[in-house]
Number of protein chains: 6
Amino acid sequence: MASRTSILKFFSLLICSIAIVQMATAGDPDIITDFIAPPNGTVDGNFFTYTGFRVLVGGGPPPTAFKVLKATLAEFPSLNGQSVSYAVLQFPSGTTNPPHTHPRSAELLFLVGGTLEVGFVDTKNNLFTQTLQAGDLFVFPKGLAHFQYNADSQNPALAISAFGSANAGTVSIPSTLFATGIDDNVLAISFKTDVATIQKLKAGLAAKP
Amino acid sequence: MASRTSILKFFSLLICSIAIVQMATAGDPDIITDFIAPPNGTVDGNFFTYTGFRVLVGGGPPPTAFKVLKATLAEFPSLNGQSVSYAVLQFPSGTTNPPHTHPRSAELLFLVGGTLEVGFVDTKNNLFTQTLQAGDLFVFPKGLAHFQYNADSQNPALAISAFGSANAGTVSIPSTLFATGIDDNVLAISFKTDVATIQKLKAGLAAKP
Amino acid sequence: MASRTSILKFFSLLICSIAIVQMATAGDPDIITDFIAPPNGTVDGNFFTYTGFRVLVGGGPPPTAFKVLKATLAEFPSLNGQSVSYAVLQFPSGTTNPPHTHPRSAELLFLVGGTLEVGFVDTKNNLFTQTLQAGDLFVFPKGLAHFQYNADSQNPALAISAFGSANAGTVSIPSTLFATGIDDNVLAISFKTDVATIQKLKAGLAAKP
Amino acid sequence: MASRTSILKFFSLLICSIAIVQMATAGDPDIITDFIAPPNGTVDGNFFTYTGFRVLVGGGPPPTAFKVLKATLAEFPSLNGQSVSYAVLQFPSGTTNPPHTHPRSAELLFLVGGTLEVGFVDTKNNLFTQTLQAGDLFVFPKGLAHFQYNADSQNPALAISAFGSANAGTVSIPSTLFATGIDDNVLAISFKTDVATIQKLKAGLAAKP
Amino acid sequence: MASRTSILKFFSLLICSIAIVQMATAGDPDIITDFIAPPNGTVDGNFFTYTGFRVLVGGGPPPTAFKVLKATLAEFPSLNGQSVSYAVLQFPSGTTNPPHTHPRSAELLFLVGGTLEVGFVDTKNNLFTQTLQAGDLFVFPKGLAHFQYNADSQNPALAISAFGSANAGTVSIPSTLFATGIDDNVLAISFKTDVATIQKLKAGLAAKP
Amino acid sequence: MASRTSILKFFSLLICSIAIVQMATAGDPDIITDFIAPPNGTVDGNFFTYTGFRVLVGGGPPPTAFKVLKATLAEFPSLNGQSVSYAVLQFPSGTTNPPHTHPRSAELLFLVGGTLEVGFVDTKNNLFTQTLQAGDLFVFPKGLAHFQYNADSQNPALAISAFGSANAGTVSIPSTLFATGIDDNVLAISFKTDVATIQKLKAGLAAKP
């Protein structure tokens, strides 16, 4: 009986934990406590500290492909209810951050090094672009499709982006459309092209690890 | 001088009007009045009525391409501050509503007639699909990429969609990416394809009137 | 001891479940996940689909009294956090949807068939009315008392209403005041009438099943 | 021409002012300034002070009918954007504050003197009542129908109520339904009674000055 | 084993309870239920009633130091989700409510008796002050540093303050800075003074029980 | 008359502009347009770009006192409605950012170079501190008093902070309390010290340019 009791208890705890975590993440709105403490209750200065960005100052080898490092709700739980998060974007020369949207926040990009071509399209299909130099800020309004491109053939670019949500979310358009199994026919009609072109695009993006 | 005065005055009024309308639309959050009256102050039952959907019941010829009829802030100003709007979607057989996102609201679709293939992709790249029959509802969560497709080779489909914002907005992905002048090279790198394929897609979508 | 353990565990689970469900429903504000998954974790296209409105297209006999069919948080849990819901209103000829308020949303009514007399009263006691014909929309601002009446002696009316909340709630004034046991004297003084009139109204509304 | 110019200018200013005031009141949500200054720009301690409640401590004769004194956005403009307001309720013996709702806030009543019967009905038609004594607080949840009644045949009651909105609004049910010109027939059907009873109720409430 | 089982179960319940309460308090935004019921489910008129302020009308001896009595989420759980709370402030002659901020709400003070010097400083370092007499209201905007002082050498002052949050929170500046162990050196540099002065201030405030 | 007309017109425009700007800044909540365009209507990529941080990469001489560079609503108007902003903090060795609060946002600090002592105090008077090294993030919850101190006697420190509001606001405690003219007596009683100590603190902080 002991083991049956323990197993039941384990599931009891598990179900509670899952459901509670679910609830815990159900809101970026104002909280009515100073912060949301972790379930185990131990809160000290470490809870409010995130060290996952130390690699950026460590001087390791730069990435060879476009790379994003995030400090959001998932990596840094004390952001829960605080409506703010970061991403660091590393662009080797000639790379892009493909067109994407953030469903839950605007993005305020600060170009720390290099140069960067940026752009977004509003809901009236107006394209806004800019060539940023080091030290420039650019704001991508909430929910709109945008991209960044390091056109410099020699130098990398480095940017830090702030978001007004602990979990802004990302809809990366190429992989969302062409690497998730959406029906070829639907895509062909939508993009006014043929199925062969869709399959070619899918093949290219499937290679993405 | 009189005419100069009038011209100046005209612009004064114009600038004010523009700026004010700008402000008027600067928020879907709770309002602290019952409703937001029009600047000219005349408010009666007509202000709260929209007749632009009468064409749907008039029995005119059905559309031959996918068509959207909207009742949002732009068409129906009394929705300002009320956080709700409608779109009616008409799908001749074999047509799609191409992949798109709504930056400011979820969409609750009610399939009134016909059948419909629907789907959306979440921010973890999971695709969720469904075949709807007449009478079914489907909810597309806020900010995520989604599409609808009438696969029936014979019959049209008709749906009405509700939004929890007076101005949900639409980012239609094919035209946003391929009909706004984004640099071919950025798109080719982003979609892991060649510039020729991008130009072919652009040509197809440019045909869109 | 085993049974005592099991009973305690059962209550442990029960209390958690109740409390969690309670919490789950504690917010229509923006969520910071794409959607709120059910506790058991199985999420596919069915979770986002609601079939309870199929009866409307099934062609059964029309109702003989005013009838409301809802698709809100209670019937369709995936609406949690998506800030949108529906109700379908069926009016046999000569019936009303009695005066009521929705505490948590405006209502955007779309008259699909028939004609309908509608009205609402703002907080300055101004009455706004309209006679709607098929295809018309009417918006009832958030929190205000409103009603609908099918004055046509021959034909039924059918409307669909959208709400900018997953759980708009309804305060139906006749039953709220006269079928819940509020003291006769309080009502008589409030309505500046006698207790006999109040009791007569209560008797009429008590008949409501 | 000068006078025509001036008249036009006057209307230009007037239209702007109206529209702007309209906008100014279009939101109880968080503001992103410390406060919202008046258009004329003069802000000192007086702007944040309201003296309209001094009559309550002045010792004048008590009212002979139920009376409400308010300090909301209309009376006290600096409350704009601060999401809080007050009402003081004076109940001579045997008087009620008739059933009503507040569309934009809960009400937290503090009974300062006397006794008071209070109650509200939730959206599931459950009636919650209480007999309050001096010093008691009672919270009426947002948007629900509620009432207060001083059943004491000798003593007056005095209460102060706080609201979490600068303009909670009030839908007073008796006058909203029976003193605004709603069609007799609609009301008779809604309240399951005859037109004569409705007309009797209307007559009683019309007497309300 | 029985006792180990019971102990585990106890912690299981405890962890759930803590986590749930944590969640329950994770939002002052609009709720989508009428109210948030307590976990044990028993809800009647008492749940909406708070009697902790009866001491104010009981006629006990007045306090000899500045005293605050609160009715917030902690004391009155049914305020959860209702966005409103109270504090009663008692000022013996010559006492202050030291400079403080409320992170989550503006404060609307109603001076019930006596006189009161009040003031706040905005984020541009403008000081706004007022001398209030009985019956006056004063609004302290959200998040700004403010204070109250009863300068009358003879008479006490009594005020009631309303907040637009169930848990406005208080950052009392003297104790926050000088009674929590912040490094002397940090404070000396910040206040442009010497460590001895900081230690003197700490000693004075440490005496506070 | 012409000049009088022009002058009147100028004021008409001016009043409108002021009032409108007032309104424009009356909300950090979700906007229902993609962005809020400037009144003059010209919107291109430059509108979304801010170059005021270029000085940071220009290699000029480092500051000799603690210095803050901001990119908020005031400096960068396109942040209006986007709920995000930045500050760059430069700490010569031995300097502090004195204790302060941000009324409208949490702060997410990213230490780019050097080391930094940081701390905040919650509303229960718990002090949380940390010693950050380059690459670390620390979150200061919304509305709480916090400080930063570069204890390194040799090296400067550099941090970038993100806020979840376009205008988080700052209440700098030393200057708010001791450089705005608050009555000496109020401060002496509040800090449980004598007037001489208060005057000494005021003298030190008055020196602040």
Side-chain angles (χ1 to χ4, degrees), chain A residues 66 94-105 117 119-129 141-145 147-149 151 167-183 185-194 197 200-201 203-208, chain B residues 66 94-105 117 119-129 141-145 147-149 151 167-183 185-194 197 200-201 203-208:
Chain A
F66 167 70
T95 58
T96 72
N97 184 0
H100 61 283
T101 67
H102 301 294
R104 289 178 286 274
S105 176
E117 307 294 317
F120 72 89
V121 181
D122 73 11
T123 56
K124 291 176 184 120
N125 267 9
N126 298 118
L127 172 67
F128 297 89
T129 59
K142 187 176 174 181
L144 301 185
F147 59 88
Q148 297 111 19
Y149 172 46
N167 186 21
T170 298
V171 174
S172 182
I173 293 175
S175 60
T176 292
L177 292 191
F178 298 106
T180 57
I182 297 177
D183 184 75
N185 204 32
V186 169
L187 292 170
I189 298 172
S190 295
F191 284 87
K192 304 201 177 193
T193 189
D194 49 75
T197 302
K200 188 178 151 196
L201 285 166
L205 288 156
K208 194 183 65 102
Chain B
F66 168 69
T95 58
T96 72
N97 185 358
H100 61 282
T101 67
H102 301 294
R104 290 178 285 274
S105 176
E117 307 293 316
F120 73 88
V121 180
D122 72 12
T123 56
K124 291 177 183 119
N125 268 10
N126 298 117
L127 172 66
F128 297 89
T129 60
K142 187 175 174 181
L144 302 185
F147 59 89
Q148 298 110 20
Y149 172 47
N167 187 19
T170 299
V171 174
S172 182
I173 293 174
S175 60
T176 293
L177 293 191
F178 298 106
T180 58
I182 298 177
D183 184 77
N185 204 31
V186 169
L187 291 170
I189 298 172
S190 294
F191 284 86
K192 306 204 175 190
T193 189
D194 49 76
T197 301
K200 188 179 150 196
L201 286 167
L205 288 156
K208 193 184 66 102

S.K.: Let me confirm one number: the OG1-OH distance from Thr95(B) to Tyr149(B), rounded to the nearest 0.5 Å.
M.R.: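 Those atoms lie 8.5 Å apart.
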S.K.: Heavy-atom cut-off 4.5 Å, strictly under: side chain, backbone, both or neither for Phe191(B) against chain A?
M.R.: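 For Phe191(B), backbone and side chain are both near chain A.
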S.K.: Among Ile173(A), Val171(A), Thr101(A), single out the residue with the greatest number of heavy-atom pairs under 4.5 Å to chain B.
M.R.: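 Highest number of pairs under 4.5 Å: Ile173(A).
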S.K.: Rounded to the nearest 0.5 Å, what separation is found between the OG1 atom of Thr197(B) and the NZ atom of Lys200(A)?
M.R.: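 Answer rounded to 0.5 Å: 2.5 Å.
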S.K.: Which value, rounded to the nearest 0.5 Å, describes the distance between Thr129(A) atom OG1 and Phe147(A) atom CZ?
M.R.: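 Spacing of OG1 (Thr129(A)) from CZ (Phe147(A)) equals 7.0 Å.
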S.K.: Heavy atoms only, distances under 4.5 angstrom: which of Thr193(B), Leu201(B), Ile189(B) has the most pairs with chain A? Name it, please.
M.R.: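 Option with the greatest count: Ile189(B).
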S.K.: Taking atom CG of Asn125(B) and atom CG of Leu177(A), what is their separation to the nearest 0.5 Å?
M.R.: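 CG of Leu177(A) is found 9.5 Å from CG of Asn125(B).
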S.K.: Most heavy-atom pairs under 4.5 angstrom with chain B, which of Ser190(A), Ala151(A), Gly94(A)?
M.R.: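 Winner by heavy-atom pair count: Ser190(A).
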S.K.: Could you tell me which portion of Asp122(B) (side chain, backbone, both or neither) has an atom closer than 4.5 angstrom to a non-hydrogen atom of chain A?
M.R.: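 For Asp122(B), neither part sits under 4.5 Å from chain A.
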S.K.: If you compare all heavy atoms of Leu205(B) against all heavy atoms of Pro174(B), which two are closest, and at what distance to 0.1 Å?
M.R.: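 Looking at all heavy atoms of both residues, the shortest contact is CD1-O, 3.7 Å.
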S.K.: Under a 4.5 Å heavy-atom cut-off, does chain A meet the side chain of Lys124(B), its backbone, both or neither?
M.R.: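 Neither part.
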S.K.: Top residue by heavy-atom pair count (under 4.5 Å) with chain B, among Pro99(A), Gly169(A), Gly119(A)?
M.R.: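 Ranked by heavy-atom pairs under 4.5 Å with chain B, first place is Pro99(A).
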S.K.: Roughly how far apart are Asn126(A) CG and Thr176(B) OG1, rounded to 0.5 Å?
M.R.: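 Those atoms lie 10.5 Å apart.
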S.K.: So which part of Phe178(B) gets closer than 4.5 Å to some heavy atom of chain A, the side chain, the backbone, both or neither?
M.R.: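 For Phe178(B), the side chain is the part near chain A, not the backbone.
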S.K.: If I measure from the heavy atoms of chain A, does Thr170(B) come under 4.5 Å with its side chain, its backbone, both, or neither?
M.R.: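 The answer is the backbone of Thr170(B).
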S.K.: Rounded to the nearest 0.5 Å, how far does CG of Leu144(B) lie from NE2 of His102(B)?
M.R.: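 It comes to 11.0 Å.
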